[in-house]
Amino acid sequence: MKVAIYPGSFDPITKGHLDILKTGAGIFDKVIIAVARNSEKHGFLTIEERVKLIKESVTDLNNVEVDCFDGLTVNYAKKCGAQVLIRGLRAVSDFEYELQLSQANSALDSDIKTVFLTTKPKYNFISSSTIREILLNGGDISKFVPEPVFEYLTNR
Ligand code: ADP
């Protein structure tokens, strides 16, 4: 059974993340989307809020699980029996950081491989930080985030 972890901050989850997750769920037997707890420090939403919103956004994906984790991603992956980490690439600017991260992870545990996926072009520019910025300035985020995220953030 091929299990992949899709780790990240997901503060909040966006349609870009969801698109990557759906592609991953079509490739692997199981995908665990996992919020990194160490990303809470300067967070917008709490880890619990992020996990709750992801759960509400993935109800139609039956081979996807939602979780959060502390510590090194490779240790968490091993614990879950996963062999693969999924990361998304938006632009060349993401590549340098992501390449470094994947090489660091592979130096820590050579059994864990990183797979890079891209989104549909219409979701490519979306980032959690852009969403937060639009929201804080009173803009409409409905096109960029899953419905449960839109409802939660606009009523917040
Ligand atoms: P992190 O803080 O770990 O970068 P993010 O929640 O910002 O966490 O992103 C998690 C992963 O999803 C990263 O690999 C990031 O490049 C990818 N990602 C985020 N938004 C998009 C998008 N619109 N298209 C493709 N990949 C994306």
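Position 1 is the first residue of the sequence, and the numbers go up from there. Quick caveat: nothing in here was measured; it's all calculated off a predicted structure. Remember, it's 1-based here, ligands and their atoms both numbered in the order they're listed.
Remark: aromatic rings of Tyr6 and Phe28 are distant, center separation not under 6.0 Å.
Of the protein's non-hydrogen atoms, the one nearest atom 24 (N) of ligand 1 is Thr119 CG2, 3.1 Å. In this structure, atom 26 (N) of ligand 1 lies nearest to the protein heavy atom Gly88 CA, 3.5 Å. Phe10 N, 2.9 Å is the protein heavy atom nearest to atom 6 (O) of ligand 1. Counting protein heavy atoms only, atom 7 (O) of ligand 1 is closest to His17 NE2, 4.2 Å.
Relative to atom 22 (C) of ligand 1, the option among Arg90, Arg50, Arg87 with the closest non-hydrogen atom is Arg90.
For ligand 1, the polar-atom distance check finds an N/O of Ser9 within less than 3.5 Å of one of the ligand's N/O atoms. Taking any N or O of Tyr123, backbone or side chain, at least one lies under 3.5 Å from an N or O belonging to ligand 1. Backbone and side-chain nitrogen or oxygen atoms of Leu117 are examined, and none is located within less than 3.5 angstrom of a nitrogen or oxygen of ligand 1. For ligand 1, the polar-atom distance check finds no N/O of Tyr97 at less than 3.5 Å from any of the ligand's N/O atoms. Of the polar atoms of Gly8, none of the N or O atoms is found under 3.5 Å from an N or O of ligand 1, judged by distance alone. Close N/O approach between Ser127 and ligand 1 is not found [any backbone or side-chain N/O within under 3.5 Å].
Residue Leu101 is found in a hydrophobic cluster whose other members, listed by chain and number, are Tyr97; membership requires side-chain heavy atoms under 4.5 Å apart, directly or through intermediates.
Near Ile20, meaning under 4.0 Å from any of its heavy atoms, are these atoms of ligand 1: 25 (C), 26 (N).
Of the possible donor and acceptor atoms, one in the side chain of Asn63 sits under 3.5 Å from a partner among the backbone N and O of Asp29.
A cation-pi arrangement, defined by a distance under 6.0 Å to the six-membered ring centre and an angle within 45 degrees of its axis, is present between Arg156 and Phe44.
When heavy-atom distances to ligand 1 are checked against a 4.0 Å cut-off, Tyr6 comes that close only through its side chain, counted from C-beta outward.
Screening Thr130, Leu153, Asp140 for a side-chain contact (heavy atoms from CB on, under 4.5 Å) involving Leu135 leaves a single residue, Leu153.
Comment: Glu48 engages Arg37 in a salt bridge, judged by a side-chain N to carboxylate O separation of less than 4.0 angstrom. Classification of Arg87 and Asp94 as a salt-bridged pair fails, no side-chain N sitting under 4.0 Å from a carboxylate O.
Remark: distances from the non-hydrogen atoms of Lys15 to ligand 1 are all 4.0 Å or more.
A donor atom on one side chain and an acceptor atom on the other are not found under 3.5 Å apart for Tyr76 and Asp70. In summary, the side chains of Glu56 and Tyr152 do not present any donor paired with an acceptor at a separation below 3.5 Å, with no hydrogens or angles considered.
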